Novice: 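Sending over a structure as structure tokens; questions will come in a sec.
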Amino acid sequence: MASLPVAVVISGRGSNMEAIVRAAQVPGSGYQVVRVIADRATAGGLARAAALGVPTAIVPIKQFPDRAAFETALAQAIEASGAQLVALAGFMRILSADFVQRFAGRLLNIHPSLLPKYKGLDTHARAIAAEDSHHGASVHYVTAELDGGPVIMHGKLRLRPGDTPDSVSARVHALEHIIYPHVCSLIAAGRVVCRNGTVYFDGEPLATPLLEESDAAA
Ligand code: GRF
């Protein structure tokens with residue numbers, strides 16, 4: 001089976017990118033990371049990607065006059081890489097409806113909450129403040145609605161007494177590093193697809209997100 005070419009787009013340290021790349025390098029993953037693209041030269045993930053042997057590109061957002069020009073360059077960088085799947089991983093920009101439409105059904109994001117709960121920022125603090133029993137992360141297809149696209153997989157963990165945003169962040173990250181590569185492999189195998197805004201898993205519409213549960217993740 002041919003390996004699905006994936007581009008990972010980052011703004012920051014890129015720990016999810018690294019997990020996606022490392023999992024791709026395990027035989028049988030079904031996908032390969034053909035490019036890591038950052039919107040700023042200072043993204044720590046660029047050096048990590050280079051160390052892992054993945055070609056990198058920078059589309060420096062500050063050098064473009066407006067969002068449309070930046071997005072045109074970003075789309076060109078993705079298409080030049082040959083990627084058929086795009087994984088946003090800590091990419092700190094909101095993408096326009098035009099961009100999302102261009103990559104519809106091929107654009108993923110990871111968000112640190114059990115969507116649809118806690119779209120936006122400060123998700124760990126909000127889950128703790130609400131005294132939720134569980135929290136986690138979601139891998140979802142990207143639509144024009146911020147953090148609103150159909151969810152493919154939840155990584156779910158139990159909140160503990162005394163948890164802080166930092167303690168929760170570490171455990172959520174550990175789960176993210178499991179679920180994001182897992183979803184990439186499921187898509188590469190053709191087991192997960194998105195058609196007209198609906199996620200299908202093994203040919204059936206996905207009624208509730210796939211679930212990875214962990215209380216062991218440190
Ligand atoms: C992750 O928590 C992810 O859910 C959010 O941004 C963070 C990226 O972390 N979208 P990293 O750069 O992959 O370490």
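Indexing begins at 1, ligand by ligand and atom by atom, following the structure's order. What you are looking at is a predicted structure, and each value in this text was computed from that prediction instead of being measured.
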Novice: What atoms in ligand 1 come closer than 4.0 Å to a heavy atom of S15?
Specialist: 11 (P), 12 (O), 13 (O), 14 (O)
Novice: Who's the nearest protein heavy-atom neighbour of atom 4 (O) of ligand 1, and how far?
Specialist: E176 OE2, 2.5 Å
Novice: Between L186 and M153, is a side chain to side chain contact (heavy atoms under 4.5 Å, CB included) present by the stated rule, with each step listed?
Specialist: CA-CA 11 Å; L186 289 172; M153 186 176 288; 3.9 Å; yes
Novice: For ligand 1, is any non-hydrogen atom under 4.0 Å from H111's backbone (N, CA, C, O), its side chain (CB onward), both, or neither?
Specialist: backbone
Novice: Looking only at protein heavy atoms, which one is nearest to atom 5 (C) of ligand 1, and what is the separation?
Specialist: I110 O, 3.8 Å
Novice: Show me the side-chain donor-acceptor pairs of residues 78-92 shorter than 3.5 Å, one per line, residues at least two apart or across chains.
Specialist:
unit_1: E79; atom_1: OE1; unit_2: R102; atom_2: NH2; d: 3.0
unit_1: E79; atom_1: OE2; unit_2: R102; atom_2: NE; d: 3.4
unit_1: S81; atom_1: OG; unit_2: I78; atom_2: O; d: 2.6
unit_1: S81; atom_1: OG; unit_2: A83; atom_2: N; d: 3.1

Novice: Using the side chain to side chain contact (heavy atoms under 4.5 Å, CB included) rule, take F64 and D39 through it: C-alpha gap first, then chi angles, then the decisive distance, then the call.
Specialist: CA-CA 11 Å; F64 292 90; D39 65 351; over 6 Å; no
Novice: To which of R48, H173, M17 does the heavy atom nearest atom 7 (C) of ligand 1 belong?
Specialist: H173
Novice: Could you check L206, V151, L210 and say which one makes a side-chain contact (heavy atoms from CB on, under 4.5 Å) with V199?
Specialist: L206
Novice: So, is N109 polar-close to ligand 1, with some N/O to N/O distance under 3.5 Å?
Specialist: no
Novice: Does any N or O atom in G12 lie less than 3.5 angstrom from one in ligand 1, N or O only?
Specialist: no
Novice: Is G14 in contact with ligand 1, taking contact as a heavy-atom separation below 4.0 Å?
Specialist: yes
Novice: Quick one: nearest non-hydrogen protein atom to atom 6 (O) of ligand 1, plus distance?
Specialist: G90 CA, 3.5 Å
Novice: Drop me the distance from I110's CD1 to I20's CD1, to the nearest 0.5 angstrom.
Specialist: 7.5 Å
Novice: So which heavy atom on H111 is nearest to which on K119, and how close?
Specialist: NE2-CA, 3.8 Å
Novice: First locate atom CD of Q101, then atom OG1 of T143, and finally report the distance between them rounded to the nearest 0.5 Å.
Specialist: 10.5 Å
